[in-house]
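Chain letters run A, B, ... following the sequence lines, proteins first and then strands; every chain starts at 1. Hydrogens, waters and symmetry mates play no part in the numbers below; they use all other heavy atoms, side chains included. Keep in mind that this is a model prediction, so the values were computed, not measured.
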Number of protein chains: 2
Amino acid sequence: MTEERKISMAVIRRLPRYYRYLGELLDNGVTKISSRELSEKMKVTASQIRQDLNNFGGFGQQGYGYNVEYLHKEIGKILGLENTHSMIIVGVGNLGQALANYTSFEKRGFNLIGLFDVNPRLVGMSIRGIEVLDIDKMEEFVKEHKVDIAILTMPKTKVKETAENLAKWGVRGLWNFSPVDLFVPDGVQVENVHLSHSLMTLAYRINECEGE
Amino acid sequence: MTEERKISMAVIRRLPRYYRYLGELLDNGVTKISSRELSEKMKVTASQIRQDLNNFGGFGQQGYGYNVEYLHKEIGKILGLENTHSMIIVGVGNLGQALANYTSFEKRGFNLIGLFDVNPRLVGMSIRGIEVLDIDKMEEFVKEHKVDIAILTMPKTKVKETAENLAKWGVRGLWNFSPVDLFVPDGVQVENVHLSHSLMTLAYRINECEGE
DNA sequence: TAGATTGTTAATCGATTAACAATC
DNA sequence: TAGATTGTTAATCGATTAACAATC
């Protein structure tokens with residue numbers, strides 16, 4: 001596959017937001033929108049919207065604007081939402097269970113196919129029809145099923161080793177919820193959700209803006 | 001308070017990571033570190049570390065480097081971690097419960113003091129000694145207790161209204177887990193955790209890097 | 001056609017990196 | 001003092017915004 005140009009992460013991270021807004025417009029029966037109108041709703045510049053979209057092609061029409069349904073669909077394609085993705089959860093504690101119970105991921109084609117934990121109390125339990133397996137069974141499972149994404153919601157002590165193994169066994173995406181930085185081989189993508197970092201930056205801003 | 005200069009969010013978002021690494025060094029008994037050594041560990045440039053830190057003052061010593069304990073403590077102060085912060089959770093579903101059970105926030109001074117939900121089945125239940133109250137009691141509670149941060153883990157339909165109310169009642173930080181953009185008055189800080197966005201960007205990268 | 005709005009180039013702004021004088 | 005490393009200025013790089021020609 002010949003990539004024309006590397007798209008910056010700043011752009012990529014804005015795409016889901018565009019996708020969400022366009023979805024809402026679609027639900028409200030809006031058929032067309034200009035970059036200016038969308039920019040006012042989203043509180044960004046129209047220039048940025050047009051630049052962002054033109055990284056991927058010309059989706060609009062001069063003098064008219066953008067067809068909402070078409071643009072929504074195209075951004076979905078860019079994000080890879082026309083494919084389904086299979087996921088497993090490694091670590092079925094509080095957070096793992098919460099994510100396992102999320103049904104909205106499925107709507108976007110993210111299907112949960114496996115749950116793993118070391119805790120014998122959890123093994124054998126089922127969440128939404130999926131049985132929690134012992135972590136010893138994970139290698140076999142991953143090699144047998146095509147696993148696109150592993151959700152890492154386990155204690156941080158074992159994350160590094162687990163991530164290395166999963167990468168070795170062919171998992172291409174790691175959604176990491178541990179406060180640990182994973183350095184994995186090329187070709188494996190890591191997306192971190194550092195809740196404690198997020199909370200700390202909120203604390204900073206609260207303290208900074210005291211008395212504003 | 002006279003702010004000298006506006007610090008960019010890019011810098012702020014790196015601070016928790018510095019804080020974490022320095023904490024680890026501290027635990028390992030490391031007493032001093034140079035920006036170069038730290039940069040190698042963290043895979044960032046030494047220049048960036050020095051620039052970032054010098055936004056807040058000179059914490060190092062020429063020819064020596066940085067004292068790990070001192071720097072760790074100072075970054076903690078910058079992030080506001082020497083203060084405690086009181087938090088409530090609004091919406092005690094799967095994710096709300098998971099966050100309520102997190103004990104690690106407490107270690108950093110983030111104390112949970114209230115839980116609220118509309119669901120009569122959840123009201124009256126206790127998590128870690130905190131009773132879930134009916135959402136009708138929230139206004140009174142917030143006005144009586146000093147609430148710094150509200151964690152919004154409720155269905156998205158009610159988030160906008162709830163956020164506006166909480167802001168009105170004096171809550172200064174909103175940690176928002178709903179796929180909704182909140183536009184609140186100045187002085188109220190919003191930190192979004194858009195899990196679905198995070199997952200979509202991971203999907204994009206997996207698809208993009210196919211065959212790499 | 002005239003008006004509107006895109007796609008795209010150019011200008012600006014901000015963030016990152018490099019370089020080096022200051023100094024421990 | 002000599003060596004090391006910071007703090008800080010200058011250079012570069014990238015991202016955002018502005019402007020406008022293309023065109024529907």
Peer 1: Nearest whole angstrom, please: distance from the C1' of dA4(C) to the CG of Asn67(A).
Peer 2: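 Result: 17 Å.
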Peer 1: Report yes or no: is the cationic atom of Lys32(B) (NZ for Lys, CZ for Arg) closer than 6.0 Å to the six-membered ring centre of Tyr64(B), at no more than 45° off its axis?
Peer 2: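 Cation-pi check for Lys32(B) and Tyr64(B): passes.
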Peer 1: Check each residue of residues 30-52 of chain B for a non-hydrogen atom within less than 4.0 Å of any atom in DNA chain C, then write out the ones that pass by number, or none.
Peer 2: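 Here the set is Thr45(B), Ser47(B), Gln48(B), Arg50(B), Gln51(B).
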Peer 1: Give the rounded distance in Å between these two atoms: CD1 of Ile12(A) and C1' of dA15(D).
Peer 2: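 Those two atoms, CD1 and C1', are 14 Å apart.
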Peer 1: Take atom CG of Asn54(B) and atom P of dT17(C), then tell me their distance rounded to the nearest Å.
Peer 2: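 In whole Å, dT17(C) P lies 16 Å from Asn54(B) CG.
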Peer 1: In Å, rounded to the nearest 0.5 Å, how long is the span from CG of Leu166(A) to CD1 of Ile149(A)?
Peer 2: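 One finds 12.5 Å between CG of Leu166(A) and CD1 of Ile149(A).
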Peer 1: For the residue pair Phe56(B) and Tyr204(A), does the interplanar ring angle fall in the parallel (under 30°), tilted (30 to 60°) or perpendicular (over 60°) class?
Peer 2: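 Taking Tyr204(A) first and then Phe56(B), their aromatic rings stand perpendicular (interplane angle over 60°).
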Peer 1: Take the protein atom OH of Tyr70(B) and the nucleotide atom P of dT6(D), then report the distance between them rounded to whole Å.
Peer 2: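 It works out to 15 Å between those atoms.
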Peer 1: Using whole Å, what does the distance between atom C1' of nucleotide dA15(C) and atom CG of Asn55(B) come to?
Peer 2: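 Rounded to whole Å, this separation is 11 Å.
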Peer 1: Only Watson-Crick and G-U wobble pairs, only distances under 3.5 Å, only runs of 3 or more: what stems does that leave for DNA chain C?
Peer 2: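 For DNA chain C the paired stretches long enough to count as stems (3 pairs minimum) are C:3-24 with D:3-24.
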Peer 1: Whole-Å distance between dT5(D) P and Gln62(B) CD?
Peer 2: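 One finds 12 Å between P of dT5(D) and CD of Gln62(B), rounded.
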Peer 1: Write down the distance between CZ (Phe59(B)) and C1' (dC24(C)), rounded to a whole number of angstrom.
Peer 2: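 About 18 Å, once rounded to whole Å.
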Peer 1: Strictly under 6.0 Å, is that where the ring centroids of Trp169(A) and Phe141(A) end up?
Peer 2: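 No: the rings miss the under 6.0 Å criterion.
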Peer 1: May I ask you to say whether Lys73(B) pairs ionically with Glu82(B), meaning some side-chain N is under 4.0 Å from a carboxylate O?
Peer 2: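 Judged by the 4.0 Å cut-off on N to carboxylate O distance, Lys73(B) and Glu82(B) do not form a salt bridge.
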Peer 1: Measure from CE on Met9(A) to C1' on dC13(D) and round the result to the nearest Å.
Peer 2: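 After rounding, the reported distance stands at 19 Å.
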Peer 1: Taking the side chain from His72(B) and the backbone from Leu26(B), do they hold a donor-acceptor pair closer than 3.5 Å?
Peer 2: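 Judged by distance alone, no pair lies under 3.5 Å.
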Peer 1: Sequence neighbours excluded, which residues qualify as salt bridge (charged side-chain N to carboxylate O under 4.0 Å, His left out) partners of Lys156(B)?
Peer 2: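 Here no residue qualifies.
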Peer 1: Strictly below 4.0 Å: does Tyr66(A) bring a side-chain N or O up to OP1 or OP2 of dA4(C)?
Peer 2: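 It does not, given that no N or O in the side chain of Tyr66(A) lies less than 4.0 Å from OP1 or OP2 of dA4(C).
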Peer 1: After noting the C-alpha distance and the side-chain angles of Arg20(A) and His197(B), does the key distance pass the side chain to side chain donor-acceptor pair (under 3.5 Å) rule?
Peer 2: CA-CA 9 Å; Arg20(A) 175 157 55 81; His197(B) 291 197; 3.2 Å; yes
Peer 1: Could you go through Tyr21(A) and Tyr18(A), starting from their C-alpha distance and side-chain angles, then the distance that decides it, and tell me whether this counts as ring-ring contact (aromatic ring centres under 6.0 Å, His included)?
Peer 2: CA-CA 5 Å; Tyr21(A) 269 80; Tyr18(A) 295 141; 8.7 Å; no
